[in-house]
Amino acid sequence: MDHAIALPARRITDLLSSGLRARVKSKRQAMDQPRSDPDQELVTRTQAGEASAFDDLVVKYTPRLYGLVYNMTSNHEDTNDLLQDIFAKAYKAIRGFRGKSSFYTWIHSIAVNMTLNFLKKRGRRFQLSLDDVDASIQNDKEFMEATATSSPVREADLSELQRRLNEAMMKLSEDHRAVVTMFHIQGMPHAEISKILRVSEGTVRSRLFYANRQLQNYLDEFRKNPVS
Amino acid sequence: MDEFNDNEIARLLRLKRYEQPPPGYFDNFLHEFHRRQRDELLRQPLWRICLERAHNFMLQLDVRSLASYPTAVAAMLVCAAILSLKVYQQPETARVASQSPLTLSVPVNGQQEWNLGSPVSTQIFRTQPLRSFRESAQTHRAAPPRYVLDSVPVSYEPTFRF
């Protein structure tokens with residue numbers, strides 16, 4: 001009788017664990033395969049030779065990729081040149097795009113890799129060339145909270161705050177800056193960042209953790225000297 | 001609260017979304033992209049354009065393994081080697097010169113120099129006799145062509161001895 005009771009318990013745990021593994025595996029497979037790429041039609045038409053379809057992709061992704069590249073380089077002119085090169089490369093390579101990932105992931109991979117290569121070649125020789133801060137920031141809830149609660153932020157004017165933030169970002173390594181840009185500024189989830197960078201999610205999280213610590217140290221100087 | 005914590009860091013970084021390019025930048029970007037593409041195409045040499053077209057054609061055929069440059073170069077080398085082997089393996093037909101034209105032979109002096117005042121003697125000699133195509137095919141490798149001219153003409157007529 002005891003034997004009859006013990007066996008089902010063990011078998012139940014085995015079944016539960018195997019079922020859980022099967023669900024995790026199927027979930028991973030589902031994550032790896034794009035469910036339905038909203039850009040698939042435009043990609044197919046571009047591959048068929050319709051250049052206007054690629055123009056639509058350019059118009060769609062320019063603002064987003066601009067933000068990604070600009071926040072990694074903090075230089076408007078470099079961003080413009082890089083963006084042109086990114087789309088040129090994407091246009092040349094799109095015939096080889098097989099749809100294993102979404103077009104979104106694919107073009108972001110190209111953008112990040114080209115920007116990282118550019119930054120590594122540029123090295124420490126950089127010059128800030130910052131875009132203007134849109135006036136609508138004054139109505140941003142988070143900005144109002146930051147200026148209301150944090151004394152360094154309240155005391156510094158907007159351009160000073162912008163300069164300090166960009167300088168702090170430029171002190172990070174290129175790889176850490178990339179994950180900070182994609183996660184905090186672009187709002188991408190860890191899974192998407194890991195696909196773009198082709199690293200594990202654990203690596204993304206550890207880089208974010210380290211980058212946050214670095215930024216805290218750099219911005220702590222800002223706290224001590226809010227107005228330069 | 002004196003230090004920036006993670007939430008404050010994140011909040012400050014999100015404010016960077018408000019950094020925007022000048023007005024009209026995104027509207028003009030596509031036009032600028034087209035202009036640069038045209039300029040780049042005009043700057044490229046013709047061979048590079050042809051190579052890219054061939055590369056794109058291979059990609060269209062979904063032959064990914066053949067669309068790599070090293071494979072294409074290797075394929076070209078193999079084709080060139082096969083063609084050259086075929087060319088060299090074809091036996092050449094020799095033409096008979098029943099009577100060769102008169103030629104000039106110039107004795108070589110000690111200084112290995114030749115000038116217009118050097119004595120010149122003429123000799124009649126014949127080139128290699130004609131061989132049929134089949135015969136040359138059989139004996140081509142057995143008897144390599146001779147490039148040394150004999151002073152005495154070579155005759156293939158049987159010598160009759162009485």
Side-chain angles (χ1 to χ4, degrees), chain A residues 47 51 55 58-59 62-63 66-67 70-71 74 76 79-80 83-85 87-88 91-93 95-96 98 130-137 140 142-143 145-146 149-153 158 161-162 164-166 168-169 180-181 183-187 208-209 211-213 215-216 219-220 222-223, chain B residues 1-45 48-72:
Chain A
Q47 289 173 332
D55 291 347
V58 170
V59 169
T62 299
Y66 181 91
Y70 169 77
N71 286 296
S74 293
H76 170 75
T79 301
N80 183 51
L83 216 52
Q84 294 283 345
D85 293 340
F87 282 115
Y91 184 68
K92 286 178 188 171
R95 287 180 192 266
R98 298 290 168 227
L130 303 178
D131 287 331
D132 294 334
V133 178
D134 192 77
S136 58
I137 193 176
D140 186 88
E142 287 184 327
F143 177 72
E145 283 177 6
T149 57
S150 174
S151 60
V153 177
L158 201 53
L161 176 63
Q162 180 192 18
R164 293 282 188 146
L165 268 177
N166 279 282
M169 283 283 282
V180 167
T181 299
F183 183 76
H184 286 301
I185 302 174
Q186 302 252 293
L208 269 173
F209 176 81
N212 282 345
R213 292 285 90 81
L215 287 172
Q216 277 183 353
L219 291 174
D220 199 39
F222 175 49
R223 180 185 65 80
Chain B
M1 180 184 54
D2 291 331
E3 289 183 349
F4 287 105
N5 57 25
D6 286 350
N7 287 336
E8 282 193 331
I9 298 279
R11 194 160 53 185
L12 284 174
L13 288 172
R14 277 195 291 273
L15 294 178
K16 282 181 62 56
R17 294 176 190 174
Y18 287 95
E19 292 180 49
Q20 292 291 322
Y25 173 82
F26 294 126
D27 297 330
N28 293 333
F29 182 83
L30 185 62
H31 175 74
E32 182 68 17
F33 177 66
H34 288 161
R35 189 188 66 76
R36 285 203 188 192
Q37 290 291 294
R38 278 195 299 271
D39 289 348
E40 190 181 325
L41 195 63
L42 289 171
R43 272 200 303 267
Q44 276 186 351
R48 192 168 178 85
I49 295 172
C50 293
L51 193 62
E52 282 184 8
R53 294 280 172 94
H55 187 246
N56 290 335
F57 177 71
M58 298 292 273
L59 285 174
Q60 274 183 339
L61 295 177
D62 199 14
V63 186
R64 270 175 288 173
S65 62
L66 294 179
S68 63
Y69 292 120
T71 310

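Here is how names work: the chains are called A, B, and so on, in the same order as the sequence lines, proteins then strands, and each is numbered from 1.
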Novice: Among A:Val180, A:Val58, A:Asn80, which residue forms the greatest number of heavy-atom pairs with chain B at distances under 4.5 Å?
Specialist: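 Ranked by heavy-atom pairs under 4.5 Å with chain B, first place is A:Asn80.
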Novice: Please state whether the side chain, the backbone, both or neither of B:Glu19 comes within less than 4.5 Å of a heavy atom of chain A.
Specialist: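 Both the backbone and the side chain of B:Glu19 come within 4.5 Å of chain A.
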Novice: What do the steps show when you test B:Tyr25 against A:Asp131 for side chain to side chain donor-acceptor pair (under 3.5 Å), and what is the final call?
Specialist: CA-CA 11 Å; B:Tyr25 173 82; A:Asp131 287 331; over 6 Å; no
Novice: So, are B:Arg35 and B:Glu32 salt-bridged, with charged N and O less than 4.0 Å apart?
Specialist: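 Here B:Arg35 pairs with B:Glu32 in a salt bridge, since their nearest N and O are under 4.0 Å apart.
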Novice: Nearest heavy-atom pair of A:Ala88 and B:Phe33: which atoms, and what distance?
Specialist: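 It is N-CE1, 3.6 Å.
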Novice: Check for a donor-acceptor pair, side chain of B:Arg17 on one end and backbone N or O of A:Ile185 on the other, with a separation under 3.5 Å.
Specialist: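 Yes.
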Novice: Below 4.5 Å from any heavy atom of chain B, which atoms of A:Phe183 appear? Answer side chain, backbone, both or neither.
Specialist: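 Neither the backbone nor the side chain of A:Phe183 comes within 4.5 Å of chain B.
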Novice: Minimum heavy-atom separation for A:Gln47 and A:Arg95, please, with both atom names.
Specialist: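 Looks like O-NH1, 3.3 Å.
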Novice: Counting only heavy atoms closer than 4.5 Å, note whether A:Phe209 contacts chain B via side chain, backbone, both or neither.
Specialist: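 Nothing of A:Phe209, per the 4.5 Å heavy-atom cut-off to chain B.
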Novice: Within a strict 4.5 Å, meaning less than it, do heavy atoms of the B:Lys16 and A:Asn166 side chains meet?
Specialist: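 In short, these two side chains touch, coming nearer than 4.5 Å.
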Novice: Heavy-atom cut-off 4.5 Å, strictly under: side chain, backbone, both or neither for B:Arg36 against chain A?
Specialist: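 Contact with chain A involves the side chain of B:Arg36 alone.
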Novice: Given heavy-atom pairs under 4.5 angstrom as the criterion, report whether the side chain, backbone, both or neither of A:Leu165 touches chain B.
Specialist: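 Just the side chain, heavy atoms under 4.5 Å.
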Novice: Looking at A:Asn212, A:Thr181, A:Asp140, which has the largest count of heavy-atom pairs under 4.5 Å with chain B?
Specialist: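 If we count pairs closer than 4.5 Å to chain B, A:Asp140 comes out on top.
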